[in-house]
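Reckoned from all heavy atoms, side chains included, excluding hydrogens, waters and symmetry mates.
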Amino acid sequence: MPSTHPPTEPALPPAVKPRTTRRWLRYVVEAAVVLVLILGVRAWQQSGIASGPAPVLAGVLLDGKPVALAAFAGRPVLVHFWATWCPICRAEQDSIDALARDASVITVAMQSGERAAVAQHLRNETLSFPVLNDPDGVIAAQWGVRAVPASFIVDGAGQIRFLEIGYTTGVGLRLRLWLAGL
């Protein structure tokens, strides 16, 4: 027997509640604020930092050997600024040490105290990478480094090819060195 009731329309989805909309809007605004803060800090860290031709870098390493960036002409080199007081630097120091065993690396201990204090830190941490001490931040200022760790990959022609401020993996640094050597 046919139905005498009119056909029913499919149910419409419930309207979005204003409270749910406000919650999502708040999340979006908070995420935007965090992103702006991160980008602002990043811009501050990189303002005035060296790019293009690498600044002159020469001196005497902690082990007494002279070092000059110019001596690495024809091959890529990592110039790594770090500090003994920097927790992020400590987190990546083993990667830098491993990289220094089979790649060209110069590290600069920025504002980490006198030679003996930096040497003691290396002994305590069983690190052997080459270190140029920069107790007053003079070298760091020449390179425009305001925050550590800062890693520069300089190609064989003396041009800064890559720059990373903050934690960088050993694999990431090796890849950048390889790319700079192409």
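Residues Pro130 and Ala100 approach most closely at CD-CB, 4.1 Å, considering heavy atoms. Closest approach of Leu69 to Ala54, counting heavy atoms only: CD2-CB, 3.7 Å. Residue Gln159 comes nearest to Gly52 through the heavy atom pair OE1-C, 3.3 Å, listed as atom of the first residue, atom of the second, then distance. What you find for Ala119 and Leu62 is that their closest heavy atoms are N-CD1, 4.0 Å. Annotation for Asn133 and Gly113: closest pair ND2-O, 3.1 Å, computed over non-hydrogen atoms. Across every non-hydrogen atom of Ile49 and Trp143, the tightest pair is CG1-O, 3.5 Å.
Here the side chain of Ser112 pairs no donor or acceptor atom with the backbone of Val118 at under 3.5 angstrom.
Screening Leu173, Leu175, Asp155, Ile153 against Phe162 for a side chain to side chain contact (heavy atoms under 4.5 Å, CB included) leaves a single residue, Ile153. Checking Leu78, Val67, Leu57 one by one against Phe72, the side chain to side chain contact (heavy atoms under 4.5 Å, CB included) holds for a single residue, Val67.
Both Trp85 and Ile165 sit in one connected hydrophobic cluster of ILVMFWY residues. Membership requires side-chain heavy atoms under 4.5 Å apart, directly or through other members. Grouping the Ile, Leu, Val, Met, Phe, Trp and Tyr side chains by contacts below 4.5 angstrom, directly or via other members, places Leu99 apart from Ile106. Linking ILVMFWY residues whenever their side-chain heavy atoms come closer than 4.5 Å, directly or via other members, places Val154 and Val148 in the same cluster. Val77 and Val145 fall within the same hydrophobic cluster, where Ile, Leu, Val, Met, Phe, Trp and Tyr residues are linked whenever their side-chain heavy atoms come under 4.5 Å apart, directly or through other members. By the rule that hydrophobic residues join a cluster once side-chain heavy atoms approach within less than 4.5 Å of another member, Val79 and Trp178 end up as members of separate clusters.
Evaluation of the salt bridge (charged side-chain N to carboxylate O under 4.0 Å, His left out) test over residues 74-94, restricted to residues two or more places apart or in two chains, returns Arg90-Glu125. Listed by first then second residue, pairs satisfying salt bridge (charged side-chain N to carboxylate O under 4.0 Å, His left out) with a partner in residues 127-139 number zero, not counting sequence neighbours. The list of salt bridge (charged side-chain N to carboxylate O under 4.0 Å, His left out) pairs with a residue in residues 108-122, not counting sequence neighbours, is empty.
No side-chain N or O of Gln93 forms a donor-acceptor pair with one of Asp97 less than 3.5 Å apart.
Contact of the Glu30 side chain with the Arg26 side chain is registered, since non-hydrogen atoms from C-beta on lie closer than 4.5 Å. Side chains of Pro135 and Gln111 form no contact here, defined as non-hydrogen atoms less than 4.5 Å apart. Looking at Ile160 and Pro55, their side chains come closer than 4.5 Å, going by heavy atoms from C-beta outward.
Taking CG from Asn124 and NE2 from His121, the interatomic distance works out to 8.0 Å, rounded to the nearest 0.5 Å. One distance of note links CZ of Phe129 with CG of Leu61; it measures 11.5 Å at 0.5 Å rounding. Note: Ile96 CD1 to Cys89 SG = 9.0 Å, rounded to the nearest 0.5 Å. Put simply, CZ on Arg174 and OG on Ser95 are 8.5 Å apart, with the number rounded to the nearest 0.5 Å. Residue Phe152 holds its CZ atom at 11.0 Å from NE2 of His80, rounded to the nearest 0.5 Å. Rounding to the nearest 0.5 angstrom, the gap separating the CZ atom in Arg161 from the CG atom in Leu177 is 10.5 Å.
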